[in-house]
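Comments concern the structure below.
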Amino acid sequence: MTISNKKGLIAALVPVFSILLIDQIVKIYIKTHYYLGESVFVSGKWFILHFIENNGMSFGMEFAGANGKLFLTLFRIIAAAGIAWYLHTLVKKKSNIYLIITFSLVLAGAVGNIIDCMFYGMIFSESLPYPSAPAIMFPPGGGYEAFMHGKVVDMLYFPIIESTWPSWMPFVGGESFSFFSPVFNIADSAITVGVLVLLLFQKWLFRKPAVENAEESVSTPDSPEVPQQ
C-alpha cells in the first residue's frame, strides 16, 4: 500500500516515539524502584518482572570489558543511523506503509538501548542488590559511569516452561531448564518483532507496487464520408 509523504512520516515517527516513551518510562521506574536482581510475579510463574542490567547486548547477554562496551555502543549508534537513513528513504519513495512501520520498530528498539548505554551511567547511581536502596536519578555525587558506558536495563522475564532435561541427553541430562529464559526489555521486543516481520513477510513488504496502466482512449469508428454533390 503506497502512501503520501506526510502519512509515511507519521507512520515512521509515531511508532518510534511511542516505543521510546514507554521503554524509557518502564526502565526508569524499574531502575528507581527495584533492587538489582529483585523479582515480582506479575502473572503466576510465567510472567515475572526481574531487574537485571547488562553491558548493552539484547536479552541480557554481556559484552566483554570497558573497551568492548564502548565498541558496542558506537556500533549501535552507527547501525541506528543507517536504519534511520533507510527509513527516511522509504518515506521519500512512498513505500509500503507496513514496511515503514516495521523499520520504525527496529529503529525505536535500537535507540531505546542506545539511550541506556549513553546516558544511564551519568544520570543514575549504581543499582545494588537488597538491602541497598534502589538507584537514584540525578544523584548529588554523580552517576556510576562515564558517558557511553551505561548499562542497559532489562526486566521482562517469561519462564513459560520450567522442566528438567531427560537424563539420557548428553551434556545437559538431568539439568533444569526454562523456556523462555532470557530477560529483556521493551526495546528488545520492538527489534525482535520488526526483524521477525521482515523475515516472514519480506516478499510482500518489499514488493513493488503494480504500475497502473493508463486508460486506453476509446476510439470511435470514422464516420463514413458523405459524398459531395
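Just so we're clear, the structure is a prediction, and the values are computed from it rather than from any experiment. Only heavy atoms go into these numbers, but all of them, side chains included; no hydrogens, no water, no symmetry mates.
Considering only heavy atoms from C-beta on, Asn185 stays 4.5 Å or farther from Val153 through its side chain. Within the 4.5 Å cutoff, the side chain of Val42 has heavy atoms near those of the Leu49 side chain. Using a 4.5 Å cut-off on side-chain heavy atoms (C-beta onward), Phe158 and Phe184 make contact. Side-chain atoms of Phe51 and Asp154, non-hydrogen and from C-beta on, never get closer than 4.5 Å to each other. Residues Lys94 and Lys7 fail the side-chain proximity criterion, which asks for heavy atoms closer than 4.5 Å. Counting only heavy atoms from C-beta outward, the side chains of Ile100 and Leu87 approach each other to under 4.5 Å. The side-chain heavy atoms of Pro134 and Lys31, taken from C-beta on, include no pair separated by under 4.5 Å. Within the 4.5 Å cutoff, no side-chain heavy atoms of Glu53 are placed close to those of Val152.
By the 30° and 60° cut-offs, the orientation of the rings of Tyr29 relative to His33 is parallel. Taking the six-membered ring for Trp and thresholds of 30 and 60 degrees, Phe206 and Phe103 have ring planes more than 60 degrees apart, a perpendicular arrangement.
For Ser18 (side chain) and Val14 (main-chain N/O), a donor-acceptor pair under 3.5 Å exists by modelled atom type.
Taking each heavy atom of Ile97 and Ala11 in turn, the nearest pair found is CG1-CB, 3.7 Å. Contact detail for Ala80 and Val111: the closest heavy-atom pair is CB-CG2, 4.4 Å. Nearest heavy atoms, Leu107 versus Ile83: CB-CG2, 3.8 Å. Ser39 and Ile48 make their closest contact through CB-CG2, 3.8 Å (heavy atoms, listed as atom of the first residue, atom of the second, distance). Contact record, Lys27 with Ala187: NZ-CB, 4.2 Å, taken as the closest heavy-atom pair. Between Cys117 and Thr73, the shortest heavy-atom distance links the atoms CB-OG1, 3.6 Å.
Annotation: side chain to side chain donor-acceptor pair (under 3.5 Å) contacts of Trp46 (sequence neighbours excluded): Ser43. Among residues two or more places apart in sequence or in another chain, the ring-ring contact (aromatic ring centres under 6.0 Å, His included) test is passed with Phe75 by none.
With rounding to the nearest 0.5 angstrom, the CG atom of Leu9 is 9.5 Å from the NE2 atom of His88. To the nearest 0.5 Å, atoms CD1 (Ile10) and OG (Ser104) are separated by 12.0 Å. With rounding to the nearest 0.5 Å, the separation of CG in Leu105 from CD1 in Ile191 is 10.0 Å. From Leu90, atom CG reaches atom OG of Ser95 across 4.5 Å, with rounding to the nearest 0.5 Å. One distance of note links OH of Tyr157 with CZ of Phe41; it measures 9.0 Å at 0.5 Å rounding.
Taking the six-membered ring where the residue is Trp, the centroids of Tyr35 and Tyr130 are separated by under 6.0 Å.
Salt-bridge formation is not detected for the pair Lys151/Glu145: no Lys NZ or Arg NE/NH1/NH2 atom is positioned less than 4.0 Å from an Asp or Glu carboxylate oxygen.
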Margin query: side-chain contact (heavy atoms from CB on, under 4.5 Å) for Ile114 and Met118? Distances and angles first, verdict last.
Written below: CA-CA 6 Å; Ile114 287 172; Met118 293 181 69; 3.3 Å; yes
Notebook entry, point to check: Does the pair Ile123 and Met137 meet the rule for a side-chain contact (heavy atoms from CB on, under 4.5 Å), with working shown?
Noted result: CA-CA 6 Å; Ile123 66 174; Met137 193 173 187; 4.1 Å; yes
Notebook entry, point to check: When you look at Val26 and Leu156, which way does the side-chain contact (heavy atoms from CB on, under 4.5 Å) test go after all the steps?
Noted result: CA-CA 10 Å; Val26 172; Leu156 301 177; 5.9 Å; no
Margin query: As a quick check of understanding, evaluate side-chain contact (heavy atoms from CB on, under 4.5 Å) for Met148 and Leu74, giving each step before the final call.
Written below: CA-CA 8 Å; Met148 295 184 71; Leu74 291 173; 3.3 Å; yes
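Clustering ILVMFWY residues whenever any of their side-chain heavy atoms sit less than 4.5 angstrom apart, transitively, puts Ile115 in the very cluster that holds Ile19. Hydrophobic clustering (ILVMFWY, side-chain heavy atoms < 4.5 Å, transitive): Leu20 and Val193 are in one cluster. When the side chains of ILVMFWY residues are joined at heavy-atom separations under 4.5 Å, either directly or via intervening members, Val40 and Ile160 end up in a single hydrophobic cluster. Tyr120 and Ile25 are assigned to two separate hydrophobic clusters, defined by single-linkage of ILVMFWY side chains at heavy-atom distances under 4.5 Å. Hydrophobic clustering, with ILVMFWY side chains joined whenever heavy atoms are under 4.5 angstrom apart, groups Phe138 together with Phe124.
Asn113 and Asp23 share no side-chain donor-acceptor pair at under 3.5 Å.
Around CZ of Phe201, the count of heavy atoms belonging to other residues, nucleotides or ligands within 6.0 Å does not exceed 12.
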